[in-house]
Amino acid sequence: MAYALITGASKGIGKAIAIELAKRKYNLILVARSEQLLQELANEMQLSYKVEVQYLAIDLSQPDAAMQVAGFVKQKNIALNVLVNNAGYGLWGKFEKIELAKQVNMIRLNNESLVSLTYCLLPFLKEQNEAYILNVASTTAYQAIPFMSVYAASKAFVVSFSRGLASELRGTGVSVSCLSPGSTNTFFMEVAGMNSKKLVDLSNKVAMSAEEVAAAGVAAMFNKKTEFIPGFSNKLTAYANNFLPKRLIELIAGNIYRV
């Protein structure tokens with residue numbers, strides 16, 4: 001029976017991706033920190049979509065987390081067909097004013113955890129005739145973002161890593177896709193501490209729903225698209241960065257995200 005493992009699955013885009021895969025009759029392994037939220041979601045999805053749902057409550061920023069997840073998959077003898085690396089968060093503010101430990105932990109979750117999980121779970125994926133990896137980045141990956149400098153850089157890493165790995169794995173039966181959403185109606189801004197009315201108002205004007213992003217991202221993954229940006233305005237903004245001077249882009253972004 002085909003299984004999909006989704007990290008950061010308890011809410012937002014991760015939850016929406018899990019639901020999208022359940023609609024396609026994939027059994028699920030939900031991974032996040034909150035056991036209560038995972039249990040509630042597992043019960044809800046089993047009833048609604050008639051699929052098997054298992055969950056693992058774990059802090060993926062911990063050094064041995066990826067090995068624990070791989071051990072869980074091995075212990076349960078799960079045939080893993082899909083890995084969705086969605087866990088991650090952002091921080092907003094002046095670099096020197098945000099606590100260093102928080103920024104380093106963000107890098108651990110956004111980058112180190114993603115790489116470790118991919119490394120530890122790739123052998124399970126390669127056992128299948130066809131398997132998929134979906135890494136969730138962000139449109140911030142396509143330019144430097146003042147006042148979110150570390151977050152944007154962490155997502156640029158995800159795009160670059162995904163493209164490189166996709167090329168490495170070509171012909172193995174495992175495809176790698178990278179989904180880069182723009183502003184989305186989730187708890188991202190709240191977690192990032194983005195309490196600026198200007199940012200909130202702007203986000204409300206352009207934000208996609210988590211369900212829209214998930215449906216587009218899952219479709220792109222199954223179509224084996226290496227890199228995908230959902231939403232016309234998001235695509236336009238990302239591609240415009242290829243033609244405008246970087247200094248100008250950074251000035252515009254700095255004015256938008258200024259603390």
Side-chain angles (χ1 to χ4, degrees), residues 1-89 108-136 158 161-162 165-166 168-169 172-179 210 214 217-218 221-222 224:
M1 299 177 71
Y3 267 88
L5 186 149
I6 304 99
T7 69
S10 61
K11 55 188 177 181
I13 292 175
K15 177 180 177 180
I17 289 174
I19 291 172
E20 191 66 28
L21 289 166
K23 288 178 181 177
R24 294 172 181 251
K25 296 305 176 184
Y26 272 81
N27 298 312
L28 304 173
I29 307 169
L30 309 177
V31 180
R33 286 190 302 173
S34 172
E35 184 165 6
Q36 181 179 344
L37 288 177
L38 288 173
Q39 187 175 42
E40 291 172 359
L41 181 58
N43 292 338
E44 173 192 330
M45 295 180 75
Q46 287 176 141
L47 285 172
S48 299
Y49 303 106
K50 310 304 180 189
V51 294
E52 292 184 12
V53 183
Q54 302 190 49
Y55 62 87
L56 178 63
I58 189 170
D59 181 354
L60 290 173
S61 66
Q62 296 305 305
D64 63 342
M67 291 295 293
Q68 289 188 50
V69 174
F72 181 87
V73 172
K74 184 175 182 179
Q75 179 188 5
K76 301 289 185 179
N77 195 28
I78 289 168
L80 190 65
N81 290 81
V82 175
L83 167 63
V84 179
N85 285 309
N86 168 72
Y89 66 95
R108 286 199 186 105
L109 185 59
N110 293 4
N111 299 144
E112 185 179 329
S113 170
L114 182 147
V115 171
S116 298
L117 280 165
T118 303
Y119 185 90
C120 291
L121 296 176
L122 185 57
F124 297 97
L125 294 167
K126 292 181 81 171
E127 289 176 358
Q128 314 308 317
N129 292 328
E130 197 165 39
Y132 305 86
I133 297 172
L134 179 63
N135 294 327
V136 179
V158 174
F161 169 70
S162 299
L165 185 62
E168 282 188 42
L169 294 177
T172 66
V174 181
S175 69
V176 181
S177 301
C178 185
L179 170 65
V218 169
M221 177 186 74
F222 284 127
K224 301 182 180 181

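- A donor atom on one side chain and an acceptor atom on the other are not found under 3.5 Å apart for E35 and Q39.
- Remark: I6 CD1 to L28 CG distance equals 4.5 Å, nearest 0.5 Å.
- Ionic pairing of K224 and E130 is present here: one or more N-O contacts between side-chain nitrogen and carboxylate oxygen are shorter than 4.0 angstrom.
- Side-chain atoms of N27 never come within 3.5 Å of backbone atoms of Y3 as a donor-acceptor pair (strictly under, hydrogens ignored).
- Between N85 atom CG and N111 atom CG the span is 11.0 Å, to the nearest 0.5 Å.
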Step-by-step side-chain contact (heavy atoms from CB on, under 4.5 Å) determination, V31 to F72:
CA-CA 11 Å; V31 180; F72 181 87; over 6 Å; no
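- Atom NZ of K11 and atom CG of L38 lie 11.0 Å apart (nearest 0.5 Å).
- Here the options are V174, L80, L121, the test is side-chain contact (heavy atoms from CB on, under 4.5 Å), and the partner is K126; only V174 passes.
- Proximity of a side-chain donor or acceptor of K50 to a complementary backbone N or O of L47 within less than 3.5 Å is detected.
- In this structure, N81 contributes its side chain and Y132 its backbone to no donor-acceptor pair below 3.5 Å.
- Side chain of S116 to backbone of S113: no donor-acceptor contact under 3.5 angstrom is found.
- I17 contributes atom CD1, which lies 13.5 Å from atom NZ of K15 (distance to the nearest 0.5 angstrom).
- Using modelled atom types, one side-chain atom of T7 and one backbone atom of N86 make a donor-acceptor pair closer than 3.5 Å.
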Would V158 and C178 count as a side-chain contact (heavy atoms from CB on, under 4.5 Å) here? Give the steps.
CA-CA 8 Å; V158 174; C178 185; 4.1 Å; yes
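- Between the side chain of K25 and the backbone N or O of Y49, at least one donor-acceptor pair lies under 3.5 Å.
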